[in-house]
2 protein chains.
Amino acid sequence: MPYDPSAFPPFAVTVDLVVLTVRKDALYALVVRRGEPPYQGRWALPGGFVRGDEDLEAAAARELTEETGLRSQALEDQDAGAHLEQLATYGAPQRDPRMRVVSVAYLVLAPDLPSPIAGGDARSARWAPTDTLLGVGDGGGWEAEQQAPLAFDHDQILRDGVERARSKIEYSSLATAFCPPEFTVGELRRVYEAVWGVALDPRNFHRKVTGTPGFLVPTGGTTTRQGGRPAQLFRAGGATLLNPPMLRPEV
Amino acid sequence: MPYDPSAFPPFAVTVDLVVLTVRKDALYALVVRRGEPPYQGRWALPGGFVRGDEDLEAAAARELTEETGLRSQALEDQDAGAHLEQLATYGAPQRDPRMRVVSVAYLVLAPDLPSPIAGGDARSARWAPTDTLLGVGDGGGWEAEQQAPLAFDHDQILRDGVERARSKIEYSSLATAFCPPEFTVGELRRVYEAVWGVALDPRNFHRKVTGTPGFLVPTGGTTTRQGGRPAQLFRAGGATLLNPPMLRPEV
DNA sequence: TCAATAGTGTCTGTAAGACACTATTGG
DNA sequence: CCAATAGTGTCTTACAGACACTATTGA
């Protein structure tokens, strides 16, 4: 088929963000309340139109800053910023009832924020447990009379984002993206436990993460945030890939 | 930012295909010769516009059939069709000099085709070794006076597709998508060796794949395609995830 | 004192890497 | 006969899972 720029069908392109954090030993996602139809009053993932001269990842980073005040350090960047990566693209013809919209979803992993939402136009944004948003624990899905709380196909996007996070912390050091710049082994373990929804043996976990070269770098300090014996503080090392991986227990 | 459907910037949305196969103990990709500017005469990945009422994956499957005659069985389907999955989306503002184009790339893994290209409008399509297309072996990249052979950002898309294939056969049974419906352990091993570009111990490989439940199912037949002692024939079993994974040797 | 968390060491089972050996074909 | 590929078995080592034990805090 020859390329015919004058005859392409018109599409709108948006970015949607799956922003995940760990708080209170559970995985939380950022959602915003929709102020207008369709799905008025329902929760949705933050997002918006890609501008005419804007890169996709730049649009995702811009939306992230607008919604949360977070600065994203896309890929490999060690700074205090959140991790940002492309997740997948959703373009079913009727996913938005008004027009044809193709949405490029991005996944953001952020530490628990001191002030939940410090952003600009985040009118009614909040953190919600992903289990609640996805109806986990009510029998694995939403009942017939019960409506999934998320607008559009955002429940599917969120599901895909959570699964991506769950699998990526197995073979990468990405779990540290959920932690503050300095953290203890116990705090990192609680991240794994929250994201996977399982209990891990603290002793084997300690041996694994401290024994993997480049994963953790001791900062010298100690803390007693959790009660009990003071724990060493670490920051993320340079290693990004874990080999061998952290094994997720069978369910 | 309120959703304003009347004010969205105009985008064209295309699908591009990374179609991979294994032949002559190397990884090959399907490329087509461009007949018009820009990049006239250069090789490019097959692809085309998404229609106004067409799902993204349907557009990818349609392009695949048009270019190769292959029928894709997207996801989990055991039939003779090729494996098709979404790869990533590319939307840099200037990636197409004529207009703003966002391209959703799909990855296709296909067995070596008896008649290379049996499709319809595939004017000048051919299989090319991915190493040649990506300039591997010339020092890891294209020299200054040498031009990458692929149009647009298709070298990056191909690179991402190859890397996805390389990592996915580690922890899934996807390597069988490169094989005909019935195949031997040796043929499957040569697939791994071609995709990873390494040599594997035939004996340890045999133990691993035949010892993983659900990976391979013996069909009862034998063959002597490769010379030497006849080998048992297998077909792909129901298992899609390999646990523990096939380990890729360090480079 | 106890409860809680941090951290180390030890045993066991699984499985990967290396590699010897046998089996069955074609030339 | 030999060369080539298929398939089995054995030894060693790495490492995960289970769990005993000590260390250091706060209540």
Side-chain angles (χ1 to χ4, degrees), chain A residues 25 169-171 175 179 182-194 196 198-235 239 241-251, chain B residues 25 169-171 175 179 182-194 196 198-235 239 241-251:
Chain A
D25 290 335
I169 65 173
E170 288 189 64
Y171 57 90
C179 295
E182 295 198 348
F183 53 89
T184 68
V185 172
E187 287 162 355
L188 184 62
R189 176 170 48 81
R190 276 179 281 276
V191 165
Y192 274 91
E193 292 176 330
W196 284 344
V198 298
L200 299 176
D201 186 296
R203 300 156 295 183
N204 292 337
F205 183 87
H206 189 282
R207 178 183 45 169
K208 172 70 178 174
V209 297
T210 56
T212 299
F215 190 5
L216 298 183
V217 177
T219 65
T222 59
T223 184
T224 179
R225 276 196 276 268
Q226 303 291 334
R229 170 176 168 179
Q232 282 186 75
L233 284 170
F234 295 86
R235 56 179 177 78
L241 255 49
L242 296 182
N243 214 306
M246 180 84 59
L247 292 186
R248 170 162 30 165
E250 306 285 330
V251 186
Chain B
D25 291 334
I169 66 174
E170 287 189 64
Y171 57 89
C179 295
E182 294 199 348
F183 53 88
T184 69
V185 172
E187 287 163 356
L188 183 63
R189 175 171 48 83
R190 277 180 282 276
V191 165
Y192 275 91
E193 291 176 331
W196 284 344
V198 298
L200 300 176
D201 186 295
R203 302 158 291 190
N204 292 336
F205 183 87
H206 190 282
R207 177 181 45 163
K208 172 71 177 174
V209 296
T210 56
T212 300
F215 191 3
L216 298 183
V217 177
T219 65
T222 61
T223 186
T224 179
R225 276 197 277 268
Q226 305 288 335
R229 169 176 170 178
Q232 283 186 74
L233 285 169
F234 295 87
R235 56 179 179 77
L241 257 48
L242 261 44
N243 214 305
M246 180 83 59
L247 291 186
R248 169 159 36 162
E250 306 285 330
V251 189

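Every chain is numbered from 1 and lettered A, B, ... according to where its sequence line falls, protein lines coming before strand lines. Below, each value reflects all heavy atoms present in this structure, side chains not excepted, and no hydrogens, waters or symmetry copies.
Checked against side-chain hydrogen bond (donor to acceptor under 3.5 Å, both in side chains), A/R248 has the following partners two or more places apart in sequence or in another chain: A/E170.
Closest approach of A/V209 to A/V185, counting heavy atoms only: CG2-CG1, 3.9 Å. The shortest non-hydrogen separation linking A/E193 to A/L200 is OE2-N, 2.9 Å. The minimum heavy-atom distance linking B/A175 with B/Y192 is given by the pair CB-CE1, 3.5 Å. Heavy atoms only, all atoms of each residue included: A/F234 and A/T219 are closest at C-CG2, 3.9 Å.
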Could you write nucleotides 13-25 of chain C as a row of B, S and -, 5' to 3', where a protein heavy atom under 4.0 Å of any base atom gives B, of only sugar-phosphate atoms gives S, and otherwise -?
--SBBBBBB-BBB

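Atom CG of A/L200 is separated from atom C1' of C/dA6 by 16 Å (rounded to the nearest Å). Taking atom CZ of B/F205 as the reference point, atom P of D/dT8 lies 14 Å away to the nearest angstrom. Atom CD in A/E170 sits about 13 Å away from atom P in D/dA16, given to the nearest Å. We find that CG of A/L216 is positioned 14 Å from P of C/dA6, with the value rounded to whole Å. Atom P of nucleotide D/dA14 and atom CE of A/M246 are separated by 20 Å, given to the nearest angstrom.
For residues 206-216 of chain A, the set of pairs meeting the side chain to side chain donor-acceptor pair (under 3.5 Å) definition, not counting sequence neighbours, comprises A/N204-A/R207.
Neither OP1 nor OP2 of C/dA6 sits under 4.0 Å from any side-chain N or O of A/H206. Put simply, B/Q232 has no side-chain N or O that comes within less than 4.0 Å of OP1 or OP2 on D/dA6.
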